[in-house]
Amino acid sequence: MPTSAAERMAKTRARRRGELEAVRKCTVCGKVLKPTSIGRAYEQGLCFQHWAETEEGKNYLKQRRSQRRLAKTGPQPFRYFGCPHGEEGWPEGPFNRMRLAVSSTYAGKGKARGTLFIVWSDDTVTAHHGIRQSDVGTIERRAGDEVDRSDLAYLARSSEALTERVRHYGHTDVYLV
């Protein structure tokens, strides 16, 4: 509720007498600070513009933008795993591109395609069966089966994404892009 002119003047006089603490100002530019609901900038004695330039401010604003984008669009694909032997084998990955994971589901000519695992930004894992390269642009979350593979979600978050596939033929490594 807004204060009246008389109440504001009473606070000003109390500050002059030293009964209330002085109005806080930004230590960089001198702008008068107002306490907000979060108050991170106010606690550090900075205006919002200067607080947003600090590491804490940058990290907080980046996280907030990410949460707002997620709320609008829903979870996004984060990492991909490909398993040539269905769900029972250990998948290759994590890949940062779906095409690499789809090519690792291919076991060979005349053999059934394996399973593509997609780890979503909310750590949900879905399994998609029989996916071909031509299907990559049309894959949706609801088309896959939600599986309990928290190990893949942990691996996707903790390890660096692969940018190419590796096959071991004999003693040499062949990089498949």
Side-chain angles (χ1 to χ4, degrees), residues 1-82 90-102 116-128 136-166 177:
M1 183 171 168
T3 57
S4 67
E7 292 170 330
R8 288 193 304 271
M9 194 64 206
K11 283 185 178 181
T12 301
R13 289 183 179 133
R15 279 195 194 93
R16 288 180 187 160
R17 289 190 303 264
E19 296 170 1
L20 288 177
E21 79 172 79
V23 175
R24 294 181 69 182
K25 295 185 178 184
C26 177
T27 56
V28 178
C29 64
K31 182 178 178 181
V32 175
L33 300 180
K34 296 179 183 176
T36 61
S37 60
I38 296 174
R40 290 183 173 94
Y42 186 79
E43 291 170 3
Q44 294 182 8
L46 298 171
C47 66
F48 179 81
Q49 297 298 328
H50 289 107
W51 175 78
E53 295 172 0
T54 64
E55 284 302 314
E56 179 189 356
K58 288 177 185 176
N59 291 338
Y60 174 78
L61 293 174
K62 181 180 178 184
Q63 181 182 13
R64 190 174 76 179
R65 277 191 301 271
S66 175
Q67 289 172 346
R68 286 183 176 180
R69 181 181 45 83
L70 184 63
K72 286 182 182 177
T73 62
Q76 299 294 313
F78 176 63
R79 293 281 190 259
Y80 309 94
F81 291 86
W90 184 253
E92 294 179 20
F95 295 108
N96 59 352
R97 291 178 41 222
M98 189 184 302
R99 290 199 179 277
L100 293 172
V102 169
L116 171 70
F117 294 101
I118 300 177
V119 179
W120 298 84
S121 57
D122 62 351
D123 286 342
T124 303
V125 180
T126 57
H128 303 266
V136 166
T138 61
I139 294 177
E140 295 180 358
R141 181 177 177 156
R142 63 177 177 244
D145 303 324
E146 194 169 312
V147 293
D148 182 26
R149 293 295 302 259
S150 57
D151 57 333
L152 295 182
Y154 173 75
L155 191 61
R157 296 272 180 207
S158 63
S159 60
E160 193 69 27
L162 302 174
T163 57
E164 53 193 356
R165 290 180 45 233
V166 179
V177 177

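Along the sequence shown, residues are numbered consecutively beginning with 1.
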Distance in Å, [X] [atom1] paired with [Y] [atom2], rounded so as to fall on 0.5 Å steps:
{"X": "Lys25", "Y": "Lys31", "atom1": "NZ", "atom2": "NZ", "value": "13.0 Å"}
{"X": "Asp145", "Y": "Phe117", "atom1": "CG", "atom2": "CZ", "value": "10.0 Å"}
{"X": "Arg79", "Y": "Ser159", "atom1": "CZ", "atom2": "OG", "value": "8.0 Å"}
{"X": "Leu61", "Y": "Arg68", "atom1": "CG", "atom2": "CZ", "value": "9.5 Å"}
{"X": "Thr12", "Y": "Glu7", "atom1": "OG1", "atom2": "CD", "value": "12.0 Å"}
{"X": "Thr124", "Y": "Ile118", "atom1": "OG1", "atom2": "CD1", "value": "12.0 Å"}

Taking salt bridge (Lys or Arg N to Asp or Glu O under 4.0 Å) as the definition, give me every residue that meets it alongside [X], ordered by chain and number, with sequence neighbours left out.
{"X": "Arg24", "value": "none"}
{"X": "Glu140", "value": "Arg142"}
{"X": "Arg157", "value": "Asp123"}

Side chains of [X] and [Y], heavy atoms from C-beta outward: is any pair under 4.5 Å?
{"X": "Val28", "Y": "Cys47", "answer": "no"}
{"X": "Val147", "Y": "Thr126", "answer": "no"}
{"X": "Arg8", "Y": "Lys11", "answer": "no"}
{"X": "Phe81", "Y": "Val119", "answer": "yes"}
{"X": "Arg40", "Y": "Gln44", "answer": "no"}
{"X": "Leu162", "Y": "Asn96", "answer": "no"}
{"X": "Glu146", "Y": "Val125", "answer": "no"}
{"X": "Glu56", "Y": "Trp51", "answer": "yes"}

Exercise for the section: Determine, stepwise, if the pair Thr27 / Leu46 fulfils side chain to side chain contact (heavy atoms under 4.5 Å, CB included). Expected result: CA-CA 6 Å; Thr27 56; Leu46 298 171; 3.4 Å; yes

Exercise for the section: Might you confirm whether atom CD of Gln49 has over 12 heavy atoms from other residues, nucleotides or ligands at distances under 6.0 Å? Expected result: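 Counting other residues, nucleotides and ligands, CD of Gln49 stays at 12 neighbours or fewer.
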
Practice task
Give the C-alpha distance, both sets of side-chain angles, the deciding distance and a yes or no for side chain to side chain contact (heavy atoms under 4.5 Å, CB included) between Lys62 and Lys58.
Solution key: CA-CA 6 Å; Lys62 181 180 178 184; Lys58 288 177 185 176; over 6 Å; no

Handout entry: Side-chain donor/acceptor of Arg99 to backbone N/O of Val136, under 3.5 Å
Key =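 Checked: no pair found.
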
Handout entry: Pi-cation contact, Tyr80 with Arg97 (under 6.0 Å, within 45°)
Key =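 Arg97 over Tyr80 ring: no.
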
Practice task
Would you check, one step at a time, whether the test side chain to side chain contact (heavy atoms under 4.5 Å, CB included) holds for Trp120 with Arg141?
Solution key: CA-CA 9 Å; Trp120 298 84; Arg141 181 177 177 156; 3.4 Å; yes

Handout entry: Test side chain to side chain contact (heavy atoms under 4.5 Å, CB included) applied to Trp90 and Asp151, step by step
Key = CA-CA 11 Å; Trp90 184 253; Asp151 57 333; 3.4 Å; yes

Exercise for the section: Considering non-hydrogen atoms only, spot the tightest contact between His50 and Cys26 and give its length. Expected result: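 In this case the closest contact between His50 and Cys26 is ND1-SG, 3.7 Å.
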
